[in-house]
Amino acid sequence: MLRIAQTLDAQLRVAMERAFPQVAAQPDGPGFDPQLAPASKPEFGDFQANGALPLAKPLGQAPRAIAAAIVEQLQGQPAFTELCLEPQIAGPGFINLTLRPERLADEVQLRLGDPRLGVPPVQGAAPVVVDFSSPNIAKEMHVGHLRSTIIGDSLARVLEFRGHPVLRLNHVGDWGTQFGMLITHLKQVAPEALSTADAVDLGDLVAFYRQAKARFDDDEAFQTTSREEVVKLQGGDPVSRQAWQLLCDQSRREFQKIYDRLAIRLSERGESFYNPYLEAVVADLDASGLLVTDDGARCVFLEGVSGKDGKPLPVIVQKSDGGFNYATTDLAAIRYRFAAAPEGDGARRVIYVTDAGQANHFAGVFQVARRAGWLPDGGRLEHVPFGLVQGEDGKKLKTRAGDTVRLRDLLDEAVERAEADLRRRLAEEGRSEEEAFIQHVATTVGLAAVKYADLSQNRITNYQFSFDRMLALQGNTAPYLLYAVVRIAGIARKGGDLAGGEAADAPLIFTEPQEWALVRELLRFDAVIAEVEEELLPNRLCTYLFELSQVFNRFYDQVPVLKAEPEARPPRLALCRLTADTLKLGLGLLGIPTLERM
RNA sequence: GGGGCUGUAGCUCAGCCGGAUAGAGCGACGGUUUCCUAAACCGUAGGUCGUGGGUUCGAGUCCCGCCAGCCCCGCCA
């Protein structure tokens with residue numbers, strides 16, 4: 001309906017100008033904004049224009065009279081009367097617009113033949129970087145990586161669908177002090193791990209990492225050795241390099257198992273990738289006069305952000321010992337991503353999907369990048385923050401033993417619970433299914449539940465993780481949406497021709513309110529996609545898909561399809577087909593595959 | 001001390017650019033099945049939108065103060 005909304009907006013502007021030419025002539029006048037919005041309630045029609053109300057004061061007229069004058073001018077436009085029924089003026093001066101049923105049917109018809117379901121491909125596409133997931137080498141992926149991975153993937157999918165060339169970058173933690181610690185520790189306790197691939201498994205590596213961290217925190221000699229080890233590594237020492245390479249390879253393979261399970265595609269480009277550019281970052285900042293040496297550290301002082309003593313807060317880009325830190329790497333990454341090829345990605349939009357705790361850090365780093373002039377005209381640099389994953393007690397999610405929850409275990413449990421639920425249901429209904437079917441459904445439902453529960457929440461707030469809620473069969477959950485798709489597949493199995501062959505030329509004539517409700521819901525899809533692309537809020541897409549499922553279920557419950565009168569059958573089958581296509585596409589953009597039966 | 005985020009029904013949460021009587025889901029209570037999977041549908045109850053001001057024709061939404069919770073705050077990432 002985006003196209004129609006644009007048309008209506010233009011028509012309203014013309015009507016306003018014609019109704020009040022004296023205002024149109026004023027250069028400093030109030031101007032005209034139709035304030036066109038989707039109708040807030042079905043009884044108000046399809047759209048409402050609220051633009052008459054703000055004109056009341058400047059024009060010195062009653063808002064309803066202003067609305068009436070606008071409506072009169074609208075009615076004088078043939079293009080408008082072809083599109084809409086007679087506008088209604090309601091309340092204090094709202095103009096309610098209802099589209100002609102045949103225009104709605106036209107729109108449905110267009111979408112039936114359109115694989116993009118009415119979503120236009122983007123014009124003038126330029127690369128978009130989505131930086132997400134980003135686990136640390138030599139650690140296992142845990143619940144803390146869940147949200148970034150799932151949200152980032154979904155945003156990337158939406159942007160890709162719109163036609164942007166998307167670089168999905170996995171900015172893994174593969175550099176820095178942590179490696180000094182780990183390698184130093186391993187040299188002493190498990191030297192074979194540094195020269196032989198897979199000498200220890202990742203779980204052990206994680207334990208070693210923890211030990212190394214503990215030693216680092218209270219053993220000064222160990223700290224010193226670790227720092228020296230980092231210097232060796234950065235200096236390209238072959239032994240250190242090889243150890244590092246082995247650790248990275250091993251972690252990479254473990255990460256990939258998770259990504260494969262979740263059907264997530266990512267290009268690894270870790271922190272180390274930017275090492276060759278760190279010097280240039282500092283030089284660049286120096287050349288643009290932003291760099292200040294303070295206490296031996298080279299930093300950029302932020303504008304508008306002050307610390308304890310009221311002094312501006314610094315972003316440190318080179319430590320007093322000459323080393324670089326994460327801010328330097330992040331700056332190098334921004335610089336590289338916006339820079340033109342071959343020494344850059346040529347991006348026009350760079351998106352970081354990380355927890356909200358890093359908001360200050362990114363705000364600082366972004367400010368420096370902007371002031372350094374690294375963003376091209378129209379370049380967008382955005383932090384997409386999200387809240388913590390909490391348990392049902394409202395505290396940070398932990399295992400019973402108090403450990404961090406591994407992502408692997410979390411996914412396993414979701415699938416196990418989905419399987420148990422399915423088996424119980426099969427037993428209750430006396431159904432018998434093949435083992436392969438059960439495994440496939442349980443896996444799909446379990447993983448879908450985890451993804452959907454995360455995505456359906458406004459990402460900025462903390463997220464209360466609950467297997468029971470996400471796997472519930474009713475409510476705003478993955479199983480509920482998947483079930484709507486299954487119901488439509490059931491119609492096809494029982495002889496409904498969803499491919500459109502049945503009376504393909506028959507006009508789409510709808511008679512029931514449930515049909516119209518479904519039509520209107522289906523036509524919202526393009527606007528929802530546009531909104532997610534802009535606001536980077538996948539929960540808006542979830543809400544839409546849930547509402548679509550609800551409207552469909554109401555239709556399914558109250559309006560027969562297969563047993564409809566012969567002339568009513570084709571249009572109803574068409575609605576089923578478009579609903580299924582919309583749900584499949586929408587869920588696909590959330591990274592969730594659908595099922596034919598469940 | 002400074003900064004960020006959050007505060008909406010018993011619980012979990014939506015709420016678009018400020019628009020009409022603030023919405024879902026769960027839970028509670030009550031209904032619906034000779035018919036496409038009842039994993040569904042229909043209905044009832046449940047709200048000082050943390051709080052006090054301000055702006056506006058109109059504020060859950062914007063501005064300021066306050067309260068509460070979480071997070072961040074110089075050489076870790």
Side-chain angles (χ1 to χ4, degrees), chain A residues 33 35-38 40-41 44 48 50 53-54 56-57 63 90-94 96 134 136 173 175-178 216 271 294-299 304-310 313-321 323-327 329-330 354-361 363-364 385 387-388 390 392 394 396 421-422 425 429 431 456-458 460-464 466 468-469 472-477 479-480 482-484 486-496 527-528 531 534-535 537 539-540 542-543 546-547 550 553-554 556-558 560-564 576 597-598:
Chain A
D33 178 3
Q35 295 194 17
L36 186 69
S40 55
K41 290 190 175 180
F44 299 150
Q48 57 184 41
N50 306 335
L53 287 105
K57 206 169 208 182
F94 301 112
N96 290 337
S134 307
N136 286 320
W175 207 244
T177 324
Q178 48 184 352
F216 187 86
E271 294 169 347
D294 189 78
D295 241 355
R298 311 193 79 188
C299 24
V305 189
S306 47
K308 298 181 174 88
D309 43 9
L313 226 54
V315 169
I316 294 175
V317 296
Q318 191 162 24
K319 300 186 282 185
S320 48
D321 66 3
F324 303 109
N325 61 5
Y326 63 101
T329 306
D330 281 341
T354 81
D355 69 280
Q358 297 188 54
N360 289 344
H361 164 67
L388 296 170
Q390 300 174 322
E392 288 182 81
K396 200 171 170 187
D421 197 61
L422 176 61
R425 187 171 302 282
E429 296 172 9
R431 274 167 72 189
S456 61
Q457 195 117 161
N458 185 328
I460 193 69
T461 51
N462 288 344
Y463 157 48
Q464 202 172 102
S466 161
D468 287 334
R469 275 205 296 271
L473 309 165
Q474 53 281 104
N476 188 5
T477 65
Y480 179 87
L482 290 172
Y483 179 59
V486 163
R487 283 185 134 180
I488 299 169
I491 290 176
R493 272 197 304 281
K494 289 284 170 72
V528 171
E531 197 179 319
E534 186 57 30
E535 309 285 336
L537 290 171
N539 69 304
R540 296 271 165 83
C542 295
T543 300
F546 174 56
E547 286 169 358
Q550 281 186 309
N553 276 329
R554 213 163 289 150
Y556 181 92
D557 191 63
Q558 295 163 17
V561 176
L562 293 176
K563 292 182 174 139
C576 288
R597 295 194 305 125
M598 63 191 277

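Below, chains carry the letters A, B, ... as their sequence lines are ordered, and counting in each starts from 1.
Residues satisfying the ring pair (Phe, Tyr, Trp, His ring centres under 6.0 Å) test with A/Tyr556, not counting sequence neighbours, are A/Phe552. Scored by the side-chain hydrogen bond (donor to acceptor under 3.5 Å, both in side chains) test, A/Asn360 finds no partners at all (sequence neighbours excluded). Considering only residues two or more places apart in sequence or on other chains, A/Pro38 meets the side chain to side chain contact (heavy atoms under 4.5 Å, CB included) condition with none of them. Residues meeting the side chain to side chain contact (heavy atoms under 4.5 Å, CB included) test with A/Thr477, sequence neighbours left out: A/Ala472, A/Pro479, A/Tyr480. A search for side chain to side chain contact (heavy atoms under 4.5 Å, CB included) contacts involving A/Ser466 returns A/Glu392, A/Asp468, A/Arg469, not counting sequence neighbours. A/Thr543 pairs by the side-chain hydrogen bond (donor to acceptor under 3.5 Å, both in side chains) definition with nothing, not counting sequence neighbours. Listed by chain and residue number, nothing satisfies the salt bridge (Lys or Arg N to Asp or Glu O under 4.0 Å) test with A/Arg493 (two or more places apart in sequence, or in another chain). Scanning for side chain to side chain contact (heavy atoms under 4.5 Å, CB included) contacts around A/Glu534 gives A/Arg380, with sequence neighbours left out. For A/Arg540, the salt bridge (Lys or Arg N to Asp or Glu O under 4.0 Å) partners two or more places apart in sequence, or in a different chain, are A/Glu531.
Not one N or O on the side chain of A/Asp295 forms a donor-acceptor pair closer than 3.5 Å with the backbone of A/Ala297. Here the side chain of A/Asn325 pairs a donor or acceptor atom with the backbone of A/Ile316 at under 3.5 angstrom. Side chain of A/Asn96 to main chain of A/Gln48: no donor-acceptor pair is present (N/O by atom type, distance under 3.5 Å, no hydrogens or angles).
Within the nucleic acid shown, A/Ala363 has no heavy atom closer than 4.0 Å to any nucleic acid atom. Base contact: A/Ala297 has a heavy atom under 4.0 Å from a base atom. Counting any heavy atom pair closer than 4.0 Å across all strands shown, A/Asp468 reaches no nucleic acid atom. Residue A/Phe44 is classed as a base contact, given a heavy-atom separation below 4.0 Å to a base. Within the nucleic acid shown, A/Asn458 comes within 4.0 Å of sugar-phosphate atoms alone, with no base atom in reach, counting heavy atoms only. Contacts of A/Gly357 with the nucleic acid, taken as non-hydrogen atoms under 4.0 Å apart, involve only primed sugar atoms and P, OP1 or OP2.
Across the C1' atoms, B/A9 and B/G23 are found 11 Å apart, a figure rounded to whole Å. The same atom, C1', is picked in B/G19 and in B/U56; the two are 12 Å apart, to the nearest Å. Taking atom C1' in both B/C49 and B/G18, the straight-line distance is 15 Å, to the nearest Å. B/G15 and B/A24: their P atoms are spaced 15 Å apart (whole Å). On the C1' atoms, B/C13 is 29 Å away from B/G53, given to the nearest whole Å. Rounded to whole Å, the separation between the P atoms of B/G46 and B/C41 comes to 23 Å. Distance noted for atom P between B/G27 and B/C36: 26 Å (whole Å). For B/U8 and B/G74, the C1' atoms lie 40 Å apart once the distance is rounded to whole Å.
Here B/C17 is the nucleotide among B/C17, B/C70, B/G15 with the atom lying nearest to any side-chain atom of A/Glu535. For A/Arg540, the side-chain atoms get nearest to B/G15 when compared with the rest of B/C36, B/G15, B/G4. Closest approach to the A/Gln457 side chain among B/C13, B/A20, B/A77 is made by B/C13 (side chain taken as heavy atoms from C-beta onward). Across B/C16, B/A20, B/U12, the shortest atom-to-atom separation from the side chain of A/Glu531 is found for B/C16.
Note: CD (A/Gln464) to C1' (B/C26) measures 12 Å, nearest angstrom. The NE2 atom of A/His361 sits 18 Å away from the C1' atom of B/C5 (whole-angstrom rounding). Rounded to an integer number of Å, the gap from A/Gln358 CD to B/C72 C1' is 10 Å. A straight line from CG of A/Leu537 to P of B/C5 spans 14 Å, rounded to a whole angstrom. Spacing between atom CG of A/Leu36 and atom C1' of B/G19 amounts to 13 Å, rounded to whole angstrom units. Rounded to an integer number of Å, the gap from CD of A/Gln48 to P of B/U21 is 12 Å. For the pair A/Glu392 CD and B/U12 C1', the computed distance is 10 Å after rounding to whole Å. Atom CG of A/Asn360 and atom P of B/G3 are 11 Å apart (whole Å).
Contact of the A/Val561 side chain with the A/Cys576 side chain is registered, since non-hydrogen atoms from C-beta on lie closer than 4.5 Å.
Between A/Asp330 and A/His361, the shortest heavy-atom contact is OD2-NE2, 2.6 Å.
Mapped onto RNA chain B by nearest heavy atom, A/Leu388 and A/Asn462 fall at different nucleotides, with A/Asn462 at the one closer to the 5' end. Nearest-nucleotide positions on RNA chain B place A/Asn539 closer to the 5' end than the other of A/Asn539 and A/Phe324.
In this model, the phosphate group of B/G15 is not approached by any side-chain N or O of A/Ser40 to a distance below 4.0 Å at OP1 or OP2. Taking side-chain N and O atoms only, A/Asn476 has no distance below 4.0 Å to OP1 or OP2 of B/C26.
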Sub-3.5 Å pairs of nitrogen or oxygen atoms, protein against nucleotides 38-46 of chain B:
| from | atom 1 | to | atom 2 | distance (Å) |
| --- | --- | --- | --- | --- |
| B/A38 | OP2 | A/Arg487 | NH2 | 2.5 |
| B/A39 | O3' | A/Leu473 | O | 3.4 |
| B/A39 | N6 | A/Met598 | O | 2.5 |
| B/A40 | OP1 | A/Leu473 | O | 2.7 |
| B/A40 | OP2 | A/Gln474 | NE2 | 3.3 |
| B/A40 | O2' | A/Arg487 | NH1 | 2.9 |
| B/A40 | O2' | A/Arg487 | NH2 | 3.4 |
| B/C41 | OP1 | A/Tyr480 | OH | 2.6 |
| B/C41 | O2' | A/Asp557 | OD2 | 2.8 |
| B/C41 | O2' | A/Gln558 | NE2 | 3.3 |
| B/C42 | OP1 | A/Arg554 | NE | 2.4 |

What are the atom names and distances for every N/O pair under 3.5 Å that joins the protein to nucleotides 56-61 of chain B?
| from | atom 1 | to | atom 2 | distance (Å) |
| --- | --- | --- | --- | --- |
| B/C57 | OP1 | A/Lys57 | NZ | 2.5 |
| B/C57 | OP2 | A/Lys57 | NZ | 3.2 |

Convert the base pairs of RNA chain B into dot-bracket notation, remembering that pairs crossing earlier ones are written with [ ] and that bases paired across to another strand are shown as |; include only Watson-Crick or G-U pairs under 3.5 Å. (((((((..((((.....[...)))).(((((.......))))).....(((((..]....))))))))))))....
